[in-house]
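This report refers to the structure that appears directly beneath it.
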Amino acid sequence: MKKFYITTSLPYVNAPPHIGFALEIVQADILARHRRLAGDEVVFNTGTDEHGLKVYRQALAEKKDPQAYADEYAKKFELLKDALNLSYTDFIRTTDPRHMRAAQEFWRRCEKSGDIEKKAYKIKYCVGCELEKTDSELTDGRCPVHPNLALETIEEENYFFKFSKYQKKLLDFYDGHPDFVVPDFRFNEIRKFVAGGVNDFSISRLKEKMPWGVPVPGDDSHVMYVWFDALVNYISTLGWPEDEKKFRDFWPGVQVAGKDNLRQQTAMWQAMLMSAGLPNSRQVFIHGFVNVAGGKMSKSVGNVVDPLELVRAYGTDAVRFWLAREVNPFEDSDFTLERFKESYNANLANGLGNFASRVTALAADTEFVLSKLAVSKEVEQAIADSREACRRKLAGFAFNEAITAVLELIRFGDAYVNEKKPWETKDAAVIYDLTVILDNVAALIAPFLPKTAEAITKCIRHTDGKVSVDRCPTLFPRIA
RNA sequence: GUCAGGGUAGCUCAACGGCGGAGCAGGGCUUUCAUAAGGCCAAGGUUGUGGGUUCGAGUCCCACCCCUGACACCA
């Protein structure tokens, strides 16, 4: 049995899950289910990233213990499991003791490789906000909130990771693995970034200022900068370093991450793995963002789409369908309720749901004796084409096109019914053809819409050499 | 500002330099097995703008306009 490991990135617990993370985890779930159905043994990991300044600050602001605060948010992410019918096998929290031990061991290995050193770290500090500012937070070198106050520069000692040492090795690695990052344009982006020169990055924070992190081994005055610890989750979840067998069986794996994570996943983490003497990730798939009516989702605008709310209104598979079929896997996409409904009615109600309904109604009175029936060549070909297209598209993370291949089979089936008029002819061979098409549609759609596939499959009963069919209930009622 | 990618039907997207396509939405016809569903047909375009190369340009070149992303510590 082949082993397959796939993981999402870990969402940071300073906000409830939004549709963007739902996208990522559903994409990963589709691939996990696809591989499982193909017979692989699958580890599918997700979890929560719980350390760092933002969690610490927000916990303080809400007068909560950081761990209690993280617990509360981790629970919200776990709610997604039922809502979206996710099949992950592992849920790692970066505050799990085993993860923290792994992060520390990882640190020691990088240290042993001579890749961790203490250096002066310059911080820009806005006296007005009384906060550290990163360059990307500044406009024209000034705090946007207090543009007439000069920023202060504070120096402190931090541990740094010798990223620069890995520039050449990363470029060589990229050259040797042309499919390492999907899509291509993201791969080019990171290649160019690394080729342009990489600087060592800070991987610790002074504990007295920010205690909410994994303690740095051998130095009580520092905790790890959240990135360093969080990235290790991809292997700590596999039991590294203790569970060598599971680690060897499943690592390296496929990582799914958003475009904001490109550098961390495809360059920094890879350099860290090299430093620790571990194999690089197998592949990183970078998805785009879900925008709302062309604009970014933001709490202040109040346009955040809550995946749980959508599920309540339209059902799990309707939401999974939208994420897989209407979102461009590689680019940003817009969410609008209007398009969501249009797609639902066109593809799920009129398409898949109606097809299941008409085929099972036609087949319900017939008992098929398999020895007397053969699927027509034409139908066989249509099924084979659809299956092959679906498999190929999924291998390239083109979830939307994979579903299109299934929809084409449904379209073929609908035309086949109209053409053959089995309600007139009562031709058992034709009705059997249709049953087989429906059965295959269910199998192909299963990674995307597991509940729906199950509901269809349940209607088609196989008993020693015979097939009989029950009428399928309405799968997707039309919505106004 | 620099670099990269893009601008094609109302919407989402296809089109090795060779007659601009598909799905959805909207329109017409039609069927009754099916969820007011299905099928068929037609319509829908100055391919961002202006030049150039070419027998021929959505595609190549130049200029301009617009959009998106990256430009490091955003966890």
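Scope of the values below: all heavy atoms of this structure, side chains included, with no hydrogens, waters or symmetry mates. Numbers restart at 1 for each chain; the letters A, B, ... are given by sequence-line order, proteins then strands.
- Across the protein-nucleic acid pair, A:Glu401 atom CD and B:U12 atom P stand 17 Å apart, rounded to whole Å.
- When the C1' atom is used for both B:U53 and B:C62, the distance is 11 Å, rounded to whole Å.
- Distance from the side chain of A:Val198 is smallest for B:A72 among the nucleotides B:A72, B:G39, B:C33.
- Taking the six-membered ring for Trp and the full ring otherwise, the centers of A:Phe228 and A:Trp107 sit less than 6.0 Å from each other.
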Assess the residue pair A:Phe180 and A:Phe173 against the criterion (ring-ring contact (aromatic ring centres under 6.0 Å, His included)); give the C-alpha distance rounded to whole Å, side-chain angles, the decisive distance to 0.1 Å, and a yes or no. CA-CA 9 Å; A:Phe180 178 60; A:Phe173 171 70; 4.7 Å; yes
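- Sequence order on RNA chain B of the closest nucleotides to A:Asp49 and A:Asn418 puts A:Asn418 first from the 5' end.
- Residue A:Phe330 contributes atom CZ, which lies 15 Å from atom C1' of B:G5 at whole-angstrom precision.
- Residue-level contact check: A:Lys421 touches neither bases nor backbone, having no heavy atom under 4.0 Å from any strand.
- Pairing for B:A9 is absent, with no Watson-Crick or G-U wobble pair whose two atom distances lie under 3.5 Å.
- Residue ring and nucleobase are not stacked for A:Phe201 and B:C73 under a centre distance beneath 5.5 angstrom and an angle between planes beneath 30°.
- A salt bridge does not link A:Glu157 to A:Lys119: none of the charged nitrogens lies less than 4.0 Å from a carboxylate oxygen.
- In this structure, A:Asn261 reaches the bases: a heavy-atom distance under 4.0 Å links it to at least one base atom across the strands shown.
- Phosphate proximity of B:A37 to A:Arg478: present, with a side-chain N or O under 4.0 Å from OP1 or OP2.
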Steps toward salt bridge (charged side-chain N to carboxylate O under 4.0 Å, His left out) verdict (A:Asp172, A:Lys168): CA-CA 6 Å; A:Asp172 289 346; A:Lys168 176 86 171 53; 2.9 Å; yes
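- Looking at heavy-atom distances under 4.0 Å, A:Gly413 makes no contact with the nucleic acid at all.
- Side-chain nitrogen and oxygen atoms of A:Asn350 include at least one within less than 4.0 Å of the OP1 or OP2 phosphate oxygen of B:G38.
- Here the nucleotide nearest the side chain of A:Trp423, chosen from B:A72, B:C73, B:U32, is B:U32.
- For B:A25 and B:C13, the C1' atoms lie 15 Å apart once the distance is rounded to whole Å.
- Residue-level contact check: A:Leu10 touches the bases, meaning some heavy atom is under 4.0 Å from a base atom.
- Straight-line distance from the CZ atom of A:Phe355 to the C1' atom of B:G39: 13 Å, rounded to whole Å.
- In a base pair of the Watson-Crick type (N1 to N3 plus N6-O4 or O6-N4) or a G-U wobble (N1-O2 and O6-N3), with each distance short of 3.5 Å, B:G1 is matched with B:C71.
- For A:Arg471 and B:A34, the shortest distance from a side-chain N or O to OP1 or OP2 is below 4.0 Å.
- Between A:Asp332 and A:Lys259 a salt bridge is recorded (basic side-chain N to carboxylate O distance below 4.0 Å).
- In this structure, the ring of A:Tyr166 has its center no less than 6.0 angstrom from the ring center of A:Trp269.
- A:Val359 comes within 4.0 angstrom of nothing in the nucleic acid, heavy atoms only.
- Between B:A15 and B:C67, the distance separating the two C1' atoms is 22 Å to the nearest Å.
- When heavy atoms are screened at a 4.0 angstrom cut-off, A:Asn199 is found touching base atoms of the nucleic acid.
- One cannot find a donor-acceptor pair under 3.5 Å joining the base of B:G38 and the side-chain atoms of A:Asn354.
- Among the atoms of the strands shown, none is found under 4.0 Å from any heavy atom of A:Arg191.
- In this structure, A:Leu407 reaches neither bases nor backbone, as no heavy-atom distance under 4.0 Å exists between it and the strands shown.
- Separation of the C1' atoms belonging to B:G50 and B:G7 is 16 Å when rounded to the nearest angstrom.
- For the P atoms, the distance from B:U46 to B:G21 is 15 Å, rounded to whole Å.
- Rounding to whole angstrom units, CG of residue A:Leu362 and P of B:C33 are separated by 8 Å.
- B:A14 is unpaired under the criterion used here, namely a Watson-Crick or G-U wobble arrangement in which both key atom distances are under 3.5 Å.
- Going from the P atom of B:A70 to that of B:U8 covers 22 Å, rounded to whole Å.
- Taking the C1' atoms as reference points, B:C60 lies 13 Å from B:C16, given to the whole Å.
- Under the Watson-Crick or G-U wobble criterion, with both distances below 3.5 Å, B:U46 is left unpaired in every strand shown.
- In this structure, A:Tyr12 and A:Ala361 both approach RNA chain B, and ranking their closest nucleotides by distance from the 5' end singles out A:Ala361.
- For A:Glu342, the listed nucleotide lying nearest its side chain is B:A25; candidates were B:A25, B:C73, B:G69.
- With P as the reference atom, B:G69 and B:G10 are 25 Å apart, rounded to whole Å.
- In this entry the distance linking CZ of A:Arg411 with P of B:C40 reads 8 Å, nearest Å.
- When the C1' atom of B:A72 is taken as reference, atom CE of A:Met272 falls 15 Å away, rounded to whole Å.
- In this structure B:C40 sits in a base pair with B:G28, meeting the Watson-Crick or G-U test at under 3.5 Å.
- Nucleotide B:C67 holds its P atom 21 Å from the CG atom of A:Asn328, rounded to whole Å.
- The residues A:Lys458 and A:Asp470 are annotated as not salt-bridged, no charged nitrogen and carboxylate oxygen being separated by less than 4.0 angstrom.
- Across the strands present, B:G58 finds no partner; the criterion is a Watson-Crick or G-U wobble pair with both atom distances under 3.5 angstrom.
- Of the candidates B:G39, B:C24, B:C73, the closest approach to any side-chain atom of A:Asp414 belongs to B:G39.
- Atom P of nucleotide B:U12 and atom CD of A:Glu326 are separated by 11 Å, given to the nearest angstrom.
- Taking the six-membered ring for Trp and the full ring otherwise, the centers of A:Tyr174 and A:Phe187 sit less than 6.0 Å from each other.
- Among the protein residues, A:Gly52 comes within range of no part of the nucleic acid, since none of its heavy atoms lies under 4.0 Å from any strand.
- In this structure, A:Asp365 does not pair ionically with A:Lys426, as no charged nitrogen and carboxylate oxygen lie closer than 4.0 Å.
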